[in-house]
**Student:** 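Please see the structure below; I have some questions.
Proteins get letters first, then strands, A, B, ... in listed order; numbering begins at 1 in each.
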Number of protein chains: 2
Amino acid sequence: MSIKKLAEYLGLSKSTVSRALNGYLDVNKDTREKVLKAAQELGYKANPTAKRLASGKSRTLGIILPSDSNMFVSPAFAKVLVSLSEFLAQQDYQLIVTTIFDWQDETQVYLDLITSGLVDGIFIARTRCNDLRLTLLEKHRFPYVCFGFEEGFSKESFIDVDNQQAFYQLTQRQISLGHTQIAFINASAELTLSQARKEGYLRAMKEAGLVIESDWILHAELKQENALLMTEQLMQSNNPPTSILCADDSMALGAIASCEALGYKPGINIAITGYGDYQHSRYVKPAITTIKYDTSAVGKEMAKLMLNKLENTAFHIQNWHQTEMLVRQSDCHARASKI
Amino acid sequence: MSIKKLAEYLGLSKSTVSRALNGYLDVNKDTREKVLKAAQELGYKANPTAKRLASGKSRTLGIILPSDSNMFVSPAFAKVLVSLSEFLAQQDYQLIVTTIFDWQDETQVYLDLITSGLVDGIFIARTRCNDLRLTLLEKHRFPYVCFGFEEGFSKESFIDVDNQQAFYQLTQRQISLGHTQIAFINASAELTLSQARKEGYLRAMKEAGLVIESDWILHAELKQENALLMTEQLMQSNNPPTSILCADDSMALGAIASCEALGYKPGINIAITGYGDYQHSRYVKPAITTIKYDTSAVGKEMAKLMLNKLENTAFHIQNWHQTEMLVRQSDCHARASKI
DNA sequence: TTGTACGCGTTATCAT
DNA sequence: ATGATAACGCGTACAA
């Protein structure tokens with residue numbers, strides 16, 4: 001059932017039918033109704049591919065995820081993705097989720113996607129400092145929206161949670177619990193969120209006049225195993241911390257396991273915190289003190305931001321999203337020594 | 001840079017260029033090389049949309065996930081999805097991930113996708129008994145591949161793990177540990193995997209000559225909260241089980257929490273098992289005895305199966321994938337009473 | 001081996 | 001308000 005057939009059936013021209021279907025004003029009201037009715041009855045559905053070719057727009061957006069990372073598996077990000085995709089679906093937009101391999105040239109993959117005509121815009125998941133992907137997108141003047149902020153980003157192109165504030169709060173809490181030796185197992189250093197979090201941590205430490213050991217600030221990918229190893233090193237050093245901030249709840253779980261293996265009691269004589277409020281976090285023992293944010297809202301805002309760029313919509317955007325600290329059992333007061 | 005421009009630049013016709021580019025045999029070797037070289041130099045990229053329109057194929061596959069479920073968040077399934085998408089990408093296929101809302105008519109959503117021309121085939125994530133989606137797809141003779149098996153499914157259309165065997169093993173193990181009162185918090189009853197698992201459970205119980213209480217077989221969506229409530233009910237009944245099989249590791253975590261709240265000690269005086277080997281499972285306490293399977297292999301096989309349908313490829317397919325039992329600390333010998 | 005011409009299903013421009 | 005016609009970029013019979 002093509003528009004041609006529909007036009008023939010109605011005794012009208014393709015053009016008129018097309019206009020009626022697409023809500024143009026210069027079409028007789030009766031005609032429009034007839035067309036709409038016939039389309040309904042005959043089950044006419046415009047062919048999206050043809051629409052794309054003719055209009056030059058694909059009504060499809062892309063997001064490229066590293067296949068090896070656990071980003072896809074990270075509960076918090078998965079929720080953002082679901083919410084993003086949901087809102088887009090409501091606006092008749094598709095989301096293509098592509099993965100990228102280690103061995104692939106990232107810039108090339110992005111370039112391919114940009115020039116493919118497959119997508120009208122691209123979402124960037126975790127921005128990096130001086131992100132080459134953004135340079136590329138800017139250069140090609142290709143619409144994008146990122147989840148992550150760096151100095152200089154335009155309000156039209158980013159959504160982020162206040163990572164700095166989150167870790168400022170978390171660190172402050174540790175300090176108020178009496179901790180002076182606070183380690184921080186941060187995410188990969190190249191991520192903007194890692195920088196923001198580090199700033200929050202440093203700010204709280206400095207405000208309290210605490211000594212900051214550079215050995216206490218570590219970076220790694222968000223994997224339990226990494227946190228496990230790092231915690232082991234930290235706790236077996238000459239100067240072990242009494243509190244460890246982890247970059248996410250998976251890492252917190254690894255840190256907890258590591259501490260227990262070394263004879264510590266997380267939540268009693270060693271404080272550990274996470275981030276993201278993963279599903280399991282409130283059920284593990286000790287339940288993880290963590291940070292949560294409104295994942296659905298973030299996803300939705302990202303979609304809105306993109307639509308504002310692509311359509312003539314003017315959704316009101318909230319660039320920054322606040323976080324909430326969930327105090328549970330994995331952190332605790334500082335103790336003089338092992339129990 | 002269109003094929004037209006490229007042809008003009010080369011002083012050839014569009015058709016020749018097209019043939020050279022698409023590897024047809026009836027084109028002069030020198031010509032082909034020239035074309036390929038020029039395409040490379042000028043950075044020519046065929047417009048996928050135009051290809052689609054002309055060929056009638058979209059080189060895109062779809063998968064529809066319920067937005068409210070945690071399927072997207074389930075680590076095991078997310079891995080399947082990544083692997084699926086990876087393999088497809090290698091074959092120059094795209095994967096569109098769509099979500100469906102509670103309030104949407106599922107059949108209509110599938111029908112829309114089928115008739116949209118957006119995708120060449122559809123993946124079905126969790127098959128249900130007498131699945132209406134499959135009826136629809138069959139009726140439209142639309143290519144599909146499912147993850148899940150039911151009697152009558154064609155070898156050309158499904159991949160599954162041996163759920164029956166997995167729960168047979170798991171139940172057998174409980175029996176060998178001395179348990180006679182084994183409850184089973186199963187996934188939703190309409191899923192084929194739930195039926196298969198139940199059969200495995202029942203087979204082991206019957207072989208051992210154990211009484212099967214119908215009250216011990218429960219069904220619920222894979223959420224910690226559900227397992228929490230159900231475990232509470234089970235353990236507070238007149239005849240509490242000494243072992244509880246859960247449909248996944250999230251549920252196991254919920255069951256563990258519930259038992260502990262009631263004063264039991266999971267892994268000591270109450271046995272609990274999971275399924276899926278989620279990331280957290282080996283780090284929680286007690287570490288969850290669970291079932292794992294090769295998620296990457298499953299995703300890849302699904303992709304291969306689809307390609308065999310769509311292209312003239314003949315990948316060798318392994319329909320059934322074996323599971324492996326990971327014995328950890330959450331299950332234990334049966335005890336006479338609470339400690 | 002190469003070129004011509006048409007079709008794919010739309011949208012958009014220009015008359016009428 | 002409506003219709004004819006030309007794009008959009010590619011594949012592909014058919015002709016040469």
Side-chain angles (χ1 to χ4, degrees), chain A residues 1-36 38-39 42-60 92 94 112 114-120 310-312, chain B residues 1-36 38-39 42-60 92 94 112 114-120 310-312:
Chain A
M1 184 77 289
S2 70
I3 199 173
K4 190 179 166 189
K5 298 257 184 197
L6 185 59
E8 282 168 6
Y9 171 85
L10 283 159
L12 289 168
S13 71
K14 289 192 305 177
S15 338
T16 305
V17 174
S18 172
R19 277 189 292 249
L21 255 21
N22 292 301
Y24 281 70
L25 302 168
D26 54 351
V27 50
N28 189 299
K29 207 185 162 197
D30 292 351
T31 313
R32 160 167 290 124
E33 281 172 11
K34 274 184 207 159
V35 172
L36 259 29
L42 302 187
Y44 167 77
K45 303 273 288 287
N47 178 322
T49 306
K51 279 184 100 129
R52 290 178 187 187
L53 184 58
S55 67
K57 301 292 174 190
S58 68
R59 289 194 87 81
T60 302
D92 194 29
Q94 304 285 336
D112 284 351
I114 289 173
T115 56
S116 72
L118 233 36
V119 298
D120 297 339
L310 263 27
E311 312 264 336
N312 50 4
Chain B
M1 184 79 292
S2 70
I3 198 172
K4 193 180 164 189
K5 297 260 183 195
L6 185 58
E8 282 169 4
Y9 171 84
L10 283 159
L12 290 168
S13 72
K14 285 195 310 178
S15 2
T16 306
V17 175
S18 171
R19 278 187 294 249
L21 254 22
N22 292 303
Y24 281 69
L25 302 168
D26 56 350
V27 50
N28 189 298
K29 208 186 162 196
D30 292 353
T31 312
R32 158 165 294 125
E33 281 173 9
K34 273 184 208 160
V35 172
L36 259 29
L42 302 187
Y44 167 77
K45 303 271 288 286
N47 178 322
T49 306
K51 281 184 97 133
R52 290 178 187 188
L53 185 57
S55 68
K57 301 291 175 189
S58 67
R59 288 196 87 83
T60 302
D92 194 30
Q94 304 283 337
D112 284 350
I114 289 173
T115 56
S116 72
L118 232 37
V119 298
D120 297 338
L310 263 29
E311 312 266 334
N312 51 5

**Student:** Among all residues two or more places apart in sequence or in another chain, which pass the salt bridge (Lys or Arg N to Asp or Glu O under 4.0 Å) test with B:Lys45?
**Tutor:**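 Expected list: A:Asp112.
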**Student:** Pairs in or reaching into residues 21-30 of chain A: which pass side chain to side chain donor-acceptor pair (under 3.5 Å), with residues at least two apart or in two chains?
**Tutor:**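 Residue pairs passing side chain to side chain donor-acceptor pair (under 3.5 Å), neighbours aside: A:Ser18-A:Asn22.
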**Student:** I want to check something: taking the side chain as every heavy atom from C-beta on, are A:Tyr44 and A:Leu21 in contact at a cut-off of under 4.5 Å?
**Tutor:**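 The answer is yes, as the side chains (C-beta and beyond) meet within the 4.5 Å cut-off.
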**Student:** Could you list the residues that satisfy side-chain contact (heavy atoms from CB on, under 4.5 Å) with B:Asp120, not counting sequence neighbours?
**Tutor:**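 Scan of B:Asp120 (side-chain contact (heavy atoms from CB on, under 4.5 Å), adjacent residues dropped) gives B:Lys57, B:Ser58, B:Leu61, B:Tyr93, B:Leu310.
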**Student:** I'd like to check the salt bridge (Lys or Arg N to Asp or Glu O under 4.0 Å) partners of A:Arg59; sequence neighbours left out, ordered by chain and number.
**Tutor:**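 Partners of A:Arg59 under the salt bridge (Lys or Arg N to Asp or Glu O under 4.0 Å) test: A:Asp92, A:Glu311.
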**Student:** If you round to the nearest 0.5 Å, how far is CG of A:Asn47 from CG of B:Leu118?
**Tutor:**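 Going from CG on B:Leu118 over to CG on A:Asn47, the span is 9.0 Å.
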**Student:** Just the rounded figure in Å: distance from P of D:dG3 to CG of A:Asp26.
**Tutor:**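 So the two atoms are 12 Å apart, to the nearest Å.
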**Student:** Can you name the residues that form a side-chain hydrogen bond (donor to acceptor under 3.5 Å, both in side chains) with A:Thr16, not counting sequence neighbours?
**Tutor:**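 side-chain hydrogen bond (donor to acceptor under 3.5 Å, both in side chains) check on A:Thr16 returns A:Ser13.
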**Student:** By side-chain hydrogen bond (donor to acceptor under 3.5 Å, both in side chains), which residues pair with B:Thr60, not counting sequence neighbours?
**Tutor:**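 Listed in chain order: B:Arg52.
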**Student:** Of all residues at least two apart in sequence or in a different chain, which pass the side-chain contact (heavy atoms from CB on, under 4.5 Å) check with A:Ala54?
**Tutor:**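 Not a single residue meets the side-chain contact (heavy atoms from CB on, under 4.5 Å) criterion with A:Ala54.
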**Student:** Does A:Ser15 have any side-chain hydrogen bond (donor to acceptor under 3.5 Å, both in side chains) partners at least two apart in sequence or in another chain, and if so, which?
**Tutor:**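 Counting only residues at least two positions away or on another chain, A:Ser15 forms no side-chain hydrogen bond (donor to acceptor under 3.5 Å, both in side chains).
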**Student:** Can you check each nucleotide of nucleotides 8-16 of chain D against protein heavy atoms at under 4.0 Å and return B for base, S for sugar-phosphate only, - for none, in 5' to 3' order?
**Tutor:** BBBBBB---
**Student:** If you walk 5' to 3' along DNA chain C, what is the first nucleotide with an atom under 4.0 Å of a heavy atom in chain B, and what is the last?
**Tutor:**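 Here the contact window of chain B covers C:dT1 to C:dG9.
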**Student:** Note the angle between the end axes of the helix from C:dT1-D:dA16 to C:dT16-D:dA1, five pairs defining each, rounded to 10 degrees.
**Tutor:**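 Inter-axis angle at the termini of the helix from C:dT1-D:dA16 to C:dT16-D:dA1: 40°.
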